[in-house]
*Asks:* 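One structure coming up, written as structure tokens, with questions to follow.
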Amino acid sequence: SKDAGKNTCTFFAGDMNDEAFERLLMENGLRLALERQEFELHYQPQINPFTHQVEAVEALIRWRHPDLGMVSPARFIPITEENGMIRQIGDWVLRTACSQLKAWDDDGVHVPRVAVNLSPRQFLRGTLTATVVEVLENTGLAPGRLELEVTEGMLMQNPAESVDILRELKALGVQIAIDDFGTGYSSLSYLKRFPLDSLKIDRSFVIGVPDDSDSSAIAETVVAMGRKLGLNVVAEGVETSDQCRFLRACGCKLLQGYFFAKPLSADNLREFILDSVRA
Ligand code: C2E
Ligand code: CA
Ligand code: CA
Ligand code: CA
């Protein structure tokens, strides 16, 4: 009937106006974003609470869309995972992060290490090691200054193949971090099985510290376990001085979060380092 047709139209129009329309805008925009140079990397410091030194930065991608403004990676990375664009974007992130470290070197600003997030498709595609070798050669960055962040979920998709890939990367001298630790519902046995250098305690365990006794017990135990396994332990999402004090007292040697700094543009990170050296 006429009414039903009208409802359908309203339904589609309403739908297209928000989520579907935005997704379409994003998919089309993503196709052009690389050549239009709309991506940027921001860098969030990881700070040693005992020495107050910046020991590493995590590279986090930003997308400046001409109409949508800044789009969060939490929204567009999953789309690029689905349509495969993450491969090119992931390569761009690796290249840009490594050359940025060299650019800071040349500028007299020493950032010891950069951590780069890998996506599942990038990790399991079989050409990752070759890409990393190429990027390190082209930028001249020492391999030990690059850290690759992987998640439990990525490793567990194909544990046997993952061990091989990680061994290849380790053989290059690159560091491996396990991101969002504790959120992957997998067993602890993989900590023994995979050759890892660092473990990043997910923000969800840091939020309740130090008032919530369960969160505090988990955070304290993970720091102790990581240290006993010889891993660098990084606490993510540190927002308050109380969290900082508690994690420091647990012996956590690297802290990352808004308490110290939000992810910063390359220029602002440079200023942050110069200020911290002066302080
Ligand atoms: P992630 O790797 O777990 O990154 C940490 C996220 O927490 C970042 O969000 C960071 O800005 C945010 N964060 C840092 N400190 C705090 C804090 O104190 N409080 C709160 N509330 N948040 C904090 P961002 O930059 O929006 O990135 C979201 C996710 O997108 C990342 O989570 C990562 O999974 C993904 N992502 C970002 N950049 C890349 C990239 O270059 N490649 C890939 N494959 N994924 C990326
Ligand atoms: Ca990460
Ligand atoms: Ca994380
Ligand atoms: Ca996360």
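Note that ligands are numbered from 1 as they come in the structure, with each ligand's atoms numbered from 1 the same way.
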*Asks:* According to the interplanar angle, ranging from 0 to 90°, do the rings of Tyr190 and Phe181 count as parallel (below 30°), tilted (30 to 60°) or perpendicular (above 60°)?
*Replies:*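 Correct class here is tilted.
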*Asks:* Please determine whether any non-hydrogen atom of Glu58 lies less than 4.0 Å from an atom of ligand 1.
*Replies:*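 Yes.
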*Asks:* Given Ser72, Pro120, Pro73, Gly90, which has its nearest heavy atom closest to atom 24 (P) of ligand 1?
*Replies:*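 Result: the heavy atom closest to atom 24 (P) of ligand 1 is in Pro73.
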*Asks:* For salt bridge (charged side-chain N to carboxylate O under 4.0 Å, His left out), just list the numbers for Glu58 and Lys200, CA-CA rounded to whole Å, side-chain angles, deciding distance to a tenth of an Å, and then say yes or no.
*Replies:* CA-CA 11 Å; Glu58 178 179 3; Lys200 300 188 76 177; 2.8 Å; yes
*Asks:* By number and element, which atoms of ligand 1 are closer than 4.0 Å to a non-hydrogen atom of Val93?
*Replies:*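 With Val93 as reference, the close atoms of ligand 1 come out as 41 (O).
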*Asks:* With heavy-atom distances below 4.0 Å as the criterion, list the atoms of ligand 1 near Pro263.
*Replies:*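 Heavy-atom distances to Pro263 below 4.0 Å select 11 (O).
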*Asks:* To which of Leu60, Val116, Asn117, Thr80 does the heavy atom nearest atom 43 (C) of ligand 1 belong?
*Replies:*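 Residue with the shortest heavy-atom distance to the ligand atom: Asn117.
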*Asks:* Keeping waters out of it, list the protein N, O or S atoms under 3.0 Å from the Ca ion (ligand 2).
*Replies:*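 Under 3.0 Å from the Ca ion (ligand 2) - ignoring waters, which are not counted - the protein N, O or S atoms are Glu58 OE2, Asn117 OD1, Glu149 OE1, Asp179 OD2.
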*Asks:* Test your reading of the structure: does Gln256 have an N or O sitting under 3.5 Å from an N or O of ligand 1?
*Replies:*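 Between Gln256 and ligand 1, no N or O pair is found under 3.5 Å apart.
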*Asks:* As a check for students: among Leu118, Asp179, Ile77, identify the option with a heavy atom nearest to atom 1 (P) of ligand 1.
*Replies:*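 It is Asp179 that holds the nearest heavy atom.
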*Asks:* List ligand 1 atoms under 4.0 Å from Glu236, heavy atoms only on the residue side.
*Replies:*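 Those qualifying, in numeric order: 3 (O), 5 (C).
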*Asks:* For Lys200, is the nearest heavy atom under 4.0 Å from an atom of ligand 1?
*Replies:*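 No, Lys200 has no heavy atom closer than 4.0 Å to ligand 1.
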*Asks:* Before giving the answer on salt bridge (charged side-chain N to carboxylate O under 4.0 Å, His left out), spell out for Arg23 and Glu19 the whole-Å C-alpha distance, their side-chain angles and the decisive distance to 0.1 Å.
*Replies:* CA-CA 6 Å; Arg23 162 126 192 169; Glu19 260 178 66; over 6 Å; no
*Asks:* Report, in ascending order of atom number, the atoms of ligand 1 lying under 4.0 Å from any heavy atom of Glu239.
*Replies:*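 Heavy-atom distances to Glu239 below 4.0 Å select 17 (C), 18 (O), 19 (N), 20 (C), 21 (N).
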*Asks:* Show which atoms of ligand 1 fall inside a sub-4.0 Å distance from at least one heavy-atom site of Gly257.
*Replies:*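 Under 4.0 Å from Gly257, ligand 1 has these atoms: 15 (N), 18 (O).
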*Asks:* Which of the numbered atoms in ligand 1 are under 4.0 angstrom from any heavy atom belonging to Gly237?
*Replies:*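 By the 4.0 Å cutoff, the relevant atoms are 16 (C), 17 (C), 18 (O).
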*Asks:* Polar-atom distance check: Gln44 versus ligand 1, any N or O pair below 3.5 Å?
*Replies:*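 Yes, there is a polar N/O contact under 3.5 Å.
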